[in-house]
Structure formats: structure tokens, C-alpha cells
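Bear in mind that the values here come from a model prediction, so they are computed numbers and not experimental data. In what follows, chains are A, B, ... by sequence order, proteins preceding strands, each numbered from 1. Just so you know, these numbers use all the heavy atoms, side chains as well, and skip hydrogens, waters and symmetry mates.
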Amino acid sequence: MEYNFRKIEERWQNEWKKNEVYKVNNDSPKPKYYVLDMFPYPSGAGLHVGHPLGYIASDIFARYKRLKGFNVLHPMGYDAFGLPAEQYAIEHGIHPAVSTDQNIKNFRAQLDKIGFCFDWSREVRTSDPHYYKWTQWIFLQLFNSYYNRIEKKADRIENLIKIFTQEGNVNHPIPNSQFQITGSSFTIHDSQFTSADWNSFNEKIQQEILMEYRLAYCGYGEVNWCEALGTVLANDEVINGVSERGGYPVVKKKLRQWYLRITEYADRLLEGLEKIEFSEAMKEMQSNWIGKSFGAEIDFSLTPNLSLRRGDGGEALTLKVYTTRPDTIFGVDFMVIAPEHELISSITTEEQQQAVDDYITYVKSRSDRDRQAEKKITGCFTGAYAINPFDQREIPIWISEYVLAGYGTGAIMAVPCGDERDFKFAKHFNIPITNIIGKHYTGEEANPTKDAVLENSGFLNGMVMRDAIDIVITKLEELGIGKRKVNYKMRDAAFSRQRYWGEPFPIVWDNGIAYPLPENELPLLLPEVKTYSPGPEGEGPLANIPAWTEKKLETNTMPGYAGSSWYFLRYMDPFNEKEFCSRKVSDYWGQVDLYIGGTEHAVGHLLYSRMWTKALHDLGFIGHDEPYKKLVNQGMIQGSSRFVYRLNVNGKYLGEDIVINNVFVSYNIYLNVIRDNNLLQHITVYLIQTGYLSNITLLIKENIAEHFSQLHVDVNMVDGIELDIEAFKKWRNGEYANAEFILEDGSLYHSSSISNYICSTEVEKMSKSKFNTVNPNDLVEKYGADTFRMYEMFLGPVEQSKPWDTKGIEGVHRFLKKLWRLFFDEIKGPIWTSSAPSPLERAGGEATDAELKVLYKTIKKIEEDTERFSFNTGVSAFMIAVNELSDLKCHKKEVLEKLLIILTPYAPHVAEELWHQLGNETTILDAAYPKVEEKYLVESSKNYPVAINGKTRAELNIVLDATQQQVEEIVLANETVQKWLEGKSPKKIIYVKNKMINVVI
RNA sequence: GCCCAGAUGGCGGAACUGGUAGACGCGUCAGACUCAAAAUCUGGUAUUCGCAAGGAUGUGCAGGUUCGAUUCCUGUUCUGGGCACCA
């Protein structure tokens, strides 16, 4: 009986489906364990071998936990809203729901072949109204909440209104300290209003103020606006300042946008990192993104003639900057303000007006990324000066794109001797540099030290910078021109898209006031549209529907991360029509115990879903405030591309131009030719001799490589690096059907050629356009799901990125066949033996200590490796076990049965089959994980490496409980050691028990 | 530009807490079986010098700490991911 994986896998997949073995109950006496994969977007390209990597890892872990006695939730679903489906709809007129549905079907068919233990009965799709009803509902909860800074948690907006009515906002200042009511003569001072003020406001003003507090709020923000396409573009769709499609110019445009007030959660998102098991790198990325810093806001007055001017609020103009280094205030040589800064129009001098206008126009065409990434320095002087409050020095005010409006106050004080970017700016524009740190500043580059003693710094002279920070802030506060300030780099999250394929906002606009729809009107269904093109003025497609706009419904839709911010909760209770998830159920499942996904979500999805969880927790809907207890990041699987080389030579024959462009040259021949240009002649002469070409005069270019085009070839037509020429000829509808091939030995290809065509290789991103994608189903078809699963794991650590190479899969397949042969012989059939044989079994006595040692060593290793997600070494441990048991000719049921159980998470189909072959009636999926019997693993001695001066020279077998003295005697008696000692006595003998011995001479 | 990660034989990788570098697999070479091939099995395989015994070198690069460094520290190069509307 041979290992017929196709039959086995089909049989058990059907059996498991029929018996609903993966259905999970919300109520179990077993401890719970929640394993989750990051929500996949069902792309039209389907799965390639990179996608299932994380799913296989989570599947192994879920199955392992199940064997360990846990009630394991392991669901799967689809993040089904998104830009690609909408783009497809624009181009092909197919409704995104239709194409998405088709994509999901393909996706599912591919997943099913791999044998995952997902509980598909819990599948969710974000685009399903039953699902997005609750996304809209949660949005309304956020809309109807504010962040209570005193209690440090979200609270109902009704409570805030009550507070305003009773005491104004004295204890709850407006988060945006610059806020002023629009279109009203009422001026808010220091972000404050009284209860009398509040009660005197009309509804519109009250709502405008409340909007400043809501966790989901409406404001204005800049988008990538493409006039030619009449639409807003995603960053992805903008390349070098022009649209990806068509290459039209893209500029910044202010549009009404929804936001989530995630900044209020900055501190808790930071603190929460300490409670969760994310990698240090991931935590660092998140905390850098949040970017908490301590410093000061300083108001600089402007030169007298400007200070006389007044701002809109009738107050004297000042320039407010944020700095983390107030200690350097005497080193400020210029100010830099963002090109969007509101002060620009009031302070720019007449002479500079034109230059400033030109500069701002230039900046409008630049993305935030470009603005920070560019190495070239740009900027423009406004003509205005600020006054240093301590020494009255006049400081020129510049505009530069590297200062972003959204961070701090959108203005910085530049200290070129201490900040590299300021330094380069000063050098570039010839601004004189003040040195306040003496010898620490060389004049060659800035020095950001905090440990220098200050010079040229007025009352700070002689002070260490680190200590001066606090003194300056105190002084500023005394003078009333500055204050201590904590700042965050993180900005509020833009939460709307001018698109069709997303959740509609349950919001009605009336007289400029946003009114939430009542809960009983949810879900607000996404309406059908005739075209997916944008509405007027950059609005989304919904603005084109009269029935929609008549109802004054919001025309924006929610972004991709809306549905994915809470999906892990819906899986717990997917059919609940009354709640997004019942509290009882979410209390049972609690946090996701293990979350597996890529690092690309490091700061987007992971921060947003953490914020949603915290808000839902604050409002009492769930009992935990961090969604993911442990996160494992899977690496990317890169593509390994293959290339062929097409000869491209022009010539003349009988006065006619001749082009050779249908001859492919094997890689090493190509390399030889570009090294030695005579070979090109030889090749063409050869082509002539073989009758392929007549005598022609060649026109050879100076750079021989230009005579070749390197073309991607589909990796599925290449075995390792050998091209399947016949398959290649049929490729792309026979585009190369008449091609000729010069093979590795220099011969021309014919039907019985012995030599091969060799391709070159390169590791690139796996993508269709590079023809390096490999479909997992092809491999499952050829080798089986068990082989495929184990091979994906065998490739390397899950966390690491690595190139895909199909070639190696055979080794894993051989392993499974070898495992099979422990149970079955091709001729003899079943060969396992049992100490208490059933009538059908052979007697074979009890397992020997050596056999049991292999078994328990393996159980221990697999358990350790699985627990630490080291699946690649786990697979090798299985290989080693099977190799050793084969060597021992061990076919004992007692040993093999336990081996099958620990193999189940990795290769469930073959394990289940053999388990039943051995006579078991129940499924192996619920077998009990075997316990390690340490008594078979104890060793009494060890082969110690003996090093002389750190270099291993000999090996000695020494009992484990040997003392230092005993070891020294044994070592010194050794011949090799004696030889190296050359009669000298050693300085020291280092003996680390169970590790090594080092003799120092 | 900024933040994060990675770099080990021909290839994927192993070495978990500073202690025998290269487990396991691929590839490759030699052999067995076979008319032959496939499959399977056995053995070799970091580089280099040497008939061998044995020696030297070796974990991106340059330094450092240590009896001992792939592992820790400093600097540096290259590659990958993210940078707020791809998901």
C-alpha cells in the first residue's frame, strides 16, 4: 500500500466537513484559546504561496492547542470593502459586490484544499449589511462619545452636555486649543466657556463645539486632488506628484472629512504596549508613531511693525513654536514655518510676496512623503522677523516644506548648531550660525548633545543643557510667553473616503449639523449607483444619487480599516442580530490569544483596532481593553524570478535589413558572450552554419549586453533553473512558438537535445507581472496538502522573509513517504507491531529504550518548537525522528501512535489516516497530546569539545557530574592537549558543565 | 529623509540563555538496484593547503569587549517592510 495522498486528503476533508469537526461552541468546560489571522482582502489575483504562510502557522498552533485540551476559536472571513474592487468596477462596470463575491469564492476554494481547521460557520464579510450594520453602530457610539481626560476614558456625550450646562467646560477644555467658533462674534479665550455661555449658544454653535469633543468627528483635511480625473487619489495612486493613471497633476485640496480622535488615546495606546506580547520592534514602531515628546510651546513676538497688526481674533500676532529643546533658545538663528501656516499671509513682506506665493504653489504639488524624504533643501524667506524674548535678537522667519502643519504648532525654532536638518538649511541659505555649545560644535556638522555646557546663552551660560531645559520652561511660564507641553506626532485618523465601496455613514446633514440616524434605521444600506465615478467637487459617487442627497445623507464612506477594527469581536458571536457581540460571549472568549499577520499593519490596523477596543471597553460593551494578547509577525515570501535572454541583432543580407529577435541564448552562453564580443560573431556564424541564417553582415553595438533582452519567464515552466522549452513555446498563446534556442553546450535546440536551456534567477516581490507567482493549489495537486503545509513551514522561521523555491518541496514529500513506510511495506502491507496485538496485528514486543528515547526526545522538541513558533525546526525534528526510527527499524505501534498525534497539527490528513489504520475509531484531532517521559532522556555523560585558546582541538567523553579537578586531570592527560601545550602548563582551564572545556595557554 | 527588521556553504536555513558554526532539506558528486529510466537505498559535500595525518581561513564590512562572539557593544554597507487614502 503506497502513500496515496490525494485519496487520503479528499477522504478526510469530506469526513471532517460531514462531522463538523471544526465547529466551535461558545460554551465549554475547556479553557478557551483564540487564534486569529489578519483579515485578508480578497484580491482578484487569488492566493499565491506567500499568503497561506501565516494561515498554516496559525492552523498548526490552533490544532496543537486543541490537542492540548483547549476550546479553540480559529475563524476566517474577509475584509471585503476596498479600493481595488471599486477600481475594477470603474474599468469594467462590474458591481464591486459581484467581483468581490467571485474573488471570495476563488479564495475559499484555494484555502479549502490546504486543509485548514477554520470554523467557516462563523465567516464574516465587512461588506455584508449584517456585518456593517454593526460597524455603523459602533461609529455612532464613537460619534456620541468624547474622551474624558479626568477619568482617562471615553464617556457619553450626553454627560458632557450635562456638565457644560452646569459648569461650562472649565474642567474639560476643548482639545484643540486654537478652536474658535465660526461665524460668531463670540470669542473663546483659553479654550474656555462658562455654563452661561453654553446655555446662550444656539444649537448650531453647541453642535459645533461638541464636534470638537466627539471621538468620531467631522473636520477639514487635505487630500490628493486630481483635477483631470475629477477625483481624490489614494497615496498609492500618486507617483512622483502625478496620478498613476494618466500621469495628471495632483494637488492638495481641503475637503470635509471624518476623523477618529485617536490622539486622545495616545497615552493609553502607549501604556497598553506594556501589557501585550508584541515584538520589541513592533512596540517600538508603534511608540515612535505615537511619538510622545516633552517640551515647550513658546510664543515669539514679531518685529514691532508686525506686532502692531492684529489677527482675526483681534489679538497681537505672535509665532507659536513647539520645541523639545528650549535649552537651546539662545542658539535660534531662524524660524521655519509650514507652508500651510496661517500666519504666512499676515507676515509676508511685499518684497517677498511673489517668492512666497511661488514656493507655496510648488509645495502644493508635493506629497508629505516627498516633503520629508527629499534630500534637496528648499525654502523661502517671508521677510518677517521674530524676536528672541531673552536677548531681543531678530530672527528671520522662513517657510520650508520639511515642517509639516499637522505636527506641533507647524512652526519650529531652528538651532543649526544642534540639529542636523537646521544646520543643512542654514548652510544652504547662508544663515549665520550661533554656537552655544563651544567645542562640542565643530562647524562641520550639528551636534544634538544634551550634555554640553551652554555658552553664548545669556542667563543660561555655564549650565548643562539637560538641566537648562526645565529652567527655561519655568522662566517662559513666569513671563507668560510659553508653557510646558507634551506633544504627540500621531495625528487624528482620517476616517472618510470619497469612494463608493465602503460603509455609508449613518449621518444626516441639516443646516450644517450632523445628526446620527436612529439605531433602528441601521443598517443604512449602500445604494446601487449607475456609475462609480466621483461626484461634484471631489465628493464620492454617492453624491451622484439624487435619492441619497435629497435625504441629506453623508456622501463619504468609511475607510478600509473601519470593518477590520472590530472583526475579531464579531467572530465570537457572528449571528447576533441584537448586538455586535453579546457581553457574555465576549467575556468568554476575551482577547485574541494569538494573532498572526504581517508587519505591514504595524501602525495602521493594529493601532486603530486597539483604539476601538479601548473605546468599546470604556463604554462598557466589552471587558478587555487590548484586542490582541500576543502578536506573531509572519515574514513575506518573496518571488524567485527566472529570466531568459533573447538575442537581438541587426544585419544586412543582399542589401536587405535583417533582424534576429527570435533566438534565445542559455544563461551561461549569454554571460560568455557579453564577456567576449567575438562570441557574438561565433554565435551568428553558428546560426548560419546550422542553416538558420544565411550569411549576413552584422551591425554589432559597442555594448554587447545591448544585443540581449532579459525577459521574465513564468517560473512554473522552469524546473530549478532548466527551462521547459516546449512549455515556453506554447506560452502566451504561442508568442515564442517559432523561437530557436542555443543551449548550455552551445548547440541549437531540437526535439532530442541532451543539453538544457538555463535561466538566470533573481529574488523579487512575488507578483503576477513578474511571472514568479506560484499557486498553492498546483503544489497541493502534485504533492498533497500535508507536504505543502510542512514545506511552507520548513522554508524558514515564520517571522522572516524568504524567497520561494519550489524545488525543495520534494524533500518534505520524501519525508512523508518515509513516514508511511514505517507503517506499510509495498509488498508486505501493514508492518506495524504491537505489544498487545489485535488479531490483525503482528506481535513485536515492547519498544526498546532507544526507540522510546527517539520518541520522547521528539515529543519534547516538537512541543518546545511549536510553543515558540519555530515550525521550521519542528519539521526537521520530525524528519530526524523518522530517519532514526527507520534506522532502528522501529515499527512499533506504541511509538508510532504517539508520533502521529504530535504530527497532527502539521500534517493532519496523513496523521488521521494512519491513526485509523492503526485501529482507532475516533478522530485524532481530539487525541490527547502525549506527555514526555523524562526518564528516557537522561544522559550520564557528554562528549565535551576541548578547546585550546578557544579553538576546538579534541573531543572527550566525560561523565556529567565530574568536578573541575577531575576534568582538569582528564584533559591534561589527553594526547592532543599535551601536543598543544608543548610542555608548558596551562594558565587556566575553563570547564562549563554540560557545555565545553577551554584550555588557556 | 525618518522608524523597524535582516545579512551564516552553490541554495533555504540550524546553532533557543556568549560555549563543538553549518542540524534538517534542496542541489551536486560517487556507488547499489535496473536492459534502461523513475522510485528507493548507501556514502561524500564550507573554502583552502596537504597523498595522508593534520593545518589555515570562515557567519555582509571595519573595529571593540571576553578564556571564548553568528550571538554583546560602536561604526558602516546592502536588502526588505512602514511613513498616515493599498489592504
_Suppose we call a contact any N or O donor and acceptor under 3.5 Å apart; does that hold for the side chain of N998(A) and the base of C67(B)?_
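Checked by distance alone, the answer is yes.
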By the 4.0 Å heavy-atom rule, please label [X] as base, sugar-phosphate, or nothing.
X       : value
Q498(A) : base
S496(A) : base
K987(A) : nothing
W804(A) : nothing
M490(A) : base
H601(A) : base
E867(A) : nothing
P797(A) : sugar-phosphate
V232(A) : base
V875(A) : nothing
R814(A) : sugar-phosphate
A281(A) : sugar-phosphate
K861(A) : base
W501(A) : nothing

*Under 30°, 30 to 60°, or over 60°: which ring-plane class applies to Y567(A) and H605(A), parallel, tilted or perpendicular?*
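The arrangement is tilted - the two ring planes meet at 30° to 60°.
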*Between F107(A) and Y78(A), what is the ring plane arrangement, given parallel below 30°, perpendicular above 60°, and tilted in between?*
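F107(A) and Y78(A): perpendicular rings.
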Tell me: [atom1] of [X] to [atom2] of [N], nearest whole Å?
X       : N      : atom1 : atom2 : result
Y608(A) : C85(B) : OH    : P     : 6 Å
K817(A) : A39(B) : NZ    : P     : 8 Å
M793(A) : G13(B) : CE    : P     : 13 Å
M282(A) : G6(B)  : CE    : C1'   : 14 Å
I290(A) : C83(B) : CD1   : P     : 16 Å
L607(A) : C4(B)  : CG    : C1'   : 14 Å
N949(A) : C67(B) : CG    : C1'   : 8 Å
K951(A) : U57(B) : NZ    : C1'   : 8 Å

*For RNA chain B, whose closest nucleotide is more 5', that of K765(A) or that of F495(A)?*
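The 5'-side residue here is K765(A).
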_Go nucleotide by nucleotide along RNA chain B from the 5' end; which of K995(A) and R421(A) gets its closest nucleotide reached first?_
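Result of the comparison: R421(A).
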Can you check the distance between [N] and [M], where both ends of the measurement are the [atom1] atom (answer in whole Å)?
N      : M      : atom1 : answer
A56(B) : G6(B)  : P     : 33 Å
U71(B) : U65(B) : C1'   : 13 Å
C49(B) : G58(B) : C1'   : 15 Å

With respect to the phosphate group of [N], does any side-chain polar atom (N or O) of [X] fall under 4.0 Å of OP1 or OP2?
X       : N      : answer
K979(A) : G55(B) : yes
R953(A) : A56(B) : yes
T952(A) : A21(B) : yes
W258(A) : C85(B) : no
R491(A) : A84(B) : no
N633(A) : C4(B)  : no

*For the residue pair D492(A) and T263(A), confirm or rule out a side-chain donor-acceptor distance under 3.5 Å.*
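A donor-acceptor contact under 3.5 Å links the two side chains.
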*Between L960(A), V971(A), V967(A), which is the residue that forms a side chain to side chain contact (heavy atoms under 4.5 Å, CB included) with Y944(A)?*
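Only one option passes, and that is L960(A).
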_Going by the glycosidic torsion and a 90 degree boundary from 0, is the base of G9(B) oriented syn or anti?_
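Chi for G9(B) falls in the syn range.
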*Decide side-chain hydrogen bond (donor to acceptor under 3.5 Å, both in side chains) for T378(A) and E401(A); before the verdict, give the C-alpha distance in whole Å, the side-chain angles of both, and the deciding distance to 0.1 Å.*
CA-CA 7 Å; T378(A) 68; E401(A) 58 178 334; 2.9 Å; yes
*Please determine, for A7(B), whether a Watson-Crick or G-U wobble partner exists with both distances under 3.5 Å, and give it or none.*
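The base-pairing partner of A7(B), which may sit in any strand shown, is U77(B).
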_Partner nucleotide of U65(B) by Watson-Crick or wobble geometry (both distances under 3.5 Å)_ =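 Its partner: none found.
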*Under 3.5 Å, is there a donor-acceptor pair between the side chain of N949(A) and the main chain of I1001(A)?*
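The answer is yes, because a donor-acceptor pair under 3.5 Å joins these two groups.
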*Look up atom CZ in F869(A) and atom CG in N633(A), then write down how far apart they are to the nearest 0.5 Å.*
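The distance works out to 11.5 Å.
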*Thinking salt bridges, do D719(A) and K807(A) make one under a 4.0 Å N-O criterion?*
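Yes.
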